[in-house]
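Shown next, in structure tokens, is the structure this report addresses.
Numbers restart at 1 for each chain; the letters A, B, ... are given by sequence-line order, proteins then strands.
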Amino acid sequence: MGGIRTAGDLVSRMVMKGMRLSAAKEYVADKLHCSVLDLSDTFAMKEIRESLDIGTVLDRKGASNGMEAKFNIEKVLGIEIPSVTQFKKKTGLL
Amino acid sequence: MSEFFTRLGDGAAVMMSKEDIRYDVEDGTADAADRGQIPELAKEEVDYLVEILTMPQKNVSVKRGHEGIMTFDAGTLKLPVRAGIPVDRLATLMIHERILCSDTMELCTTDYSYKSIKNFVQEEAMTMELAQNNCVMPIFYGAMPNLGQYTKPDGPIDNWSELLPMGKIAEAREAQEEAVEHAVSDMVFITGQMAEAGACGIQFDTVGASGDADVLAALMAAKELKKRFPNIGIEMGMAGEFNLGMHGQLEFEGERIAGAYPHQQVKMAEKAGVDIFGCVVNTNSNQTFAWNLARALTYAKACVAAAEIPVVVDAGMGVGGVTNTNTTPTDVTSRVSKALLEIAKVDGL
């Protein structure tokens with residue numbers, strides 16, 4: 001789908017939970033308040049990813065990256081990401 | 001009569017008429033239907049596949065909105081080991097995320113077998129933790145059950161491949177059952193360590209390479225892992241379109257493992273708690289690309305129809321209709337991707 005250049009990573013996170021592709025795309029589009037076709041549109045997703053601060057291919061000063069971006073992805077998608085949970089446990093956030 | 005550029009199963013270029021391509025498509029789908037006892041491709045699907053195969057463009061693509069997700073086996077082996085690029089695995093993951101724009105990626109080691117990893121699993125878990133701190137995309141950890149590694153002289157168990165030719169059937173079966181216990185224990189231990197290191201997913205890859213006992217080990221490990229770590233995604237990629245009966249009598253949840261085709265393999269995977277099923281259809285180099293792709297689509301379509309979980313089809317060299325050459329032509333891989341996503345309706349590759 002294009003990974004973090006589009007919404008490939010986000011759709012994959014839902015597929016990894018056993019959700020079929022079309023349902024996963026609809027779920028992510030609903031959470032991002034965009035259309036299913038926007039999910040694989042690099043222009044649309046750049047704007048959406050930057051506004052939600054969930055990581056993009058081109059780094060920007062002050063933008064979230066790696067684990068920081070996953071904290072935001074967890075909130076946007078309403079799911080638990082195992083590495084975020086581990087990070088919170090280690091840093092006393094949980 | 002006009003001819004179209006296409007390829008043989010080994011990747012060699014060949015010119016064929018549309019009629020000959022259609023003949024091979026019909027023969028390929030009939031072969032899969034006969035072996036798997038599944039429906040052949042419908043006439044309109046055959047028509048569309050012939051259209052894809054004869055498109056004049058070198059590379060083709062899916063219609064907008066039909067994009068699927070990509071997962072990887074042998075993920076971090078490809079840049080630093082196979083391509084010989086002097087980058088470490090963390091850099092490999094980030095190259096995949098930021099440059100190749102992979103949807104997911106797999107952390108793995110050169111000896112791609114769970115038994116071998118047990119010796120240095122702590123260091124592997126440390127790498128997983130660093131990968132999770134640096135990557136945005138989901139990261140799997142993966143390796144093969146590779147039951148053969150538990151046999152002498154590498155392991156403690158008598159080699160069933162030596163016992164079987166000697167007619168020692170009972171001893172060969174007993175040896176495989178013992179190997180299953182070791183493999184399940186190793187896979188649950190290692191994947192548990194990776195889950196604690198924050199892995200998004202675990203991959204059991206090339207499942208069934210050592211036969212039905214190999215499949216049983218992966219299914220049992222998946223079931224136990226899902227109980228302990230319900231939040232982790234489990235992907236099971238098969239070794240072939242047909243479970244070999246090296247043991248022959250093993251069952252999972254009352255179903256015989258040997259002889260299962262993809263539409264039956266996926267149901268066993270579901271019962272074990274697997275989240276993504278990797279359907280495999282092997283390429284026959286003696287046939288044409290058209291024959292192989294039609295055959296792969298027939299199995300994949302039946303698998304998707306039977307499945308409740310997502311199905312990703314292995315579409316690398318020698319599987320999923322892809323021709324049997326290490327430098328896979330993009331006219332082949334792009335047609336395979338398009339056909340699998342648009343005709344078989346797979347969830348990804």
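Listed by first and then second residue, the ring-ring contact (aromatic ring centres under 6.0 Å, His included) pairs that reach into residues 63-94 of chain A are A:F71-A:F87, sequence neighbours excluded.
We find the CD-CE distance between B:Q122 and B:M126 to be 9.0 Å, quoted to the nearest 0.5 Å. Between atom OG1 of residue B:T127 and atom CD of residue B:Q132 there is a gap of 12.0 Å, rounded to the nearest 0.5 Å. Atom CG of B:D73 and atom CZ of B:F204 lie 14.5 Å apart (nearest 0.5 Å). The OG atom of B:S61 lies 11.0 Å from the NE2 atom of B:H66; values are rounded to the nearest 0.5 Å. Here the straight-line distance linking atom CD of A:E50 with atom CG of A:L58 works out to 8.5 Å at 0.5 Å rounding. Taking OG of A:S12 as the reference point, atom CD1 of A:I4 lies at 12.0 Å (rounded to 0.5 Å).
Taking 4.5 Å as the limit, some side-chain heavy atom of B:Q265 sits within range of a side-chain heavy atom of B:P262. Side-chain contact between B:E124 and B:M194 is present, with at least one heavy-atom pair separated by less than 4.5 Å. Residues B:L93 and B:R89 are not in side-chain contact: their nearest non-hydrogen atoms beyond the backbone lie 4.5 Å or more apart. Contact of the A:M1 side chain with the A:V11 side chain is registered, since non-hydrogen atoms from C-beta on lie closer than 4.5 Å.
Proximity to chain B is absent for every atom of A:K89, based on heavy atoms less than 4.5 angstrom apart. At a 4.5 Å heavy-atom cutoff, the contact between B:E308 and chain A is made by backbone atoms alone. Using a 4.5 Å cut-off between heavy atoms, A:S35 makes no contact with chain B at all. In this structure, the portion of A:I54 lying under 4.5 Å from any heavy atom of chain B is its backbone and not its side chain. Looking at A:V36, there are no atoms closer than 4.5 Å to chain B (heavy atoms on both sides), in backbone or side chain. Neither the backbone nor the side chain of B:F277 has a heavy atom closer than 4.5 Å to any heavy atom of chain A. In this structure, the portions of B:V304 lying under 4.5 Å from any heavy atom of chain A include both its backbone and its side chain.
For residues 219-233 of chain B, heavy-atom neighbours of chain A at less than 4.5 Å comprise B:N231, B:G233, sorted by residue number.
Note on B:N134, B:I276, B:I234: by heavy-atom pairs under 4.5 Å with chain A, the leading option is B:I276. Between chain A and the residues B:M70, B:E97, B:M128, the largest count of heavy-atom pairs under 4.5 Å involves B:E97. Your options are B:A195, B:G68, B:A199, B:G201, and the one with the most heavy-atom pairs under 4.5 Å with chain A is B:G68. Contact count versus chain B (heavy atoms, under 4.5 Å) is highest, among A:K70, A:R5, A:Q86, A:K17, for A:K70. Among the candidates B:D103, B:D275, B:I139, the residue making the largest number of heavy-atom pairs closer than 4.5 Å to chain A is B:D103.
Looking at every heavy atom in both residues, A:A69 comes nearest to B:V136 through CB-CG2, 4.0 Å.
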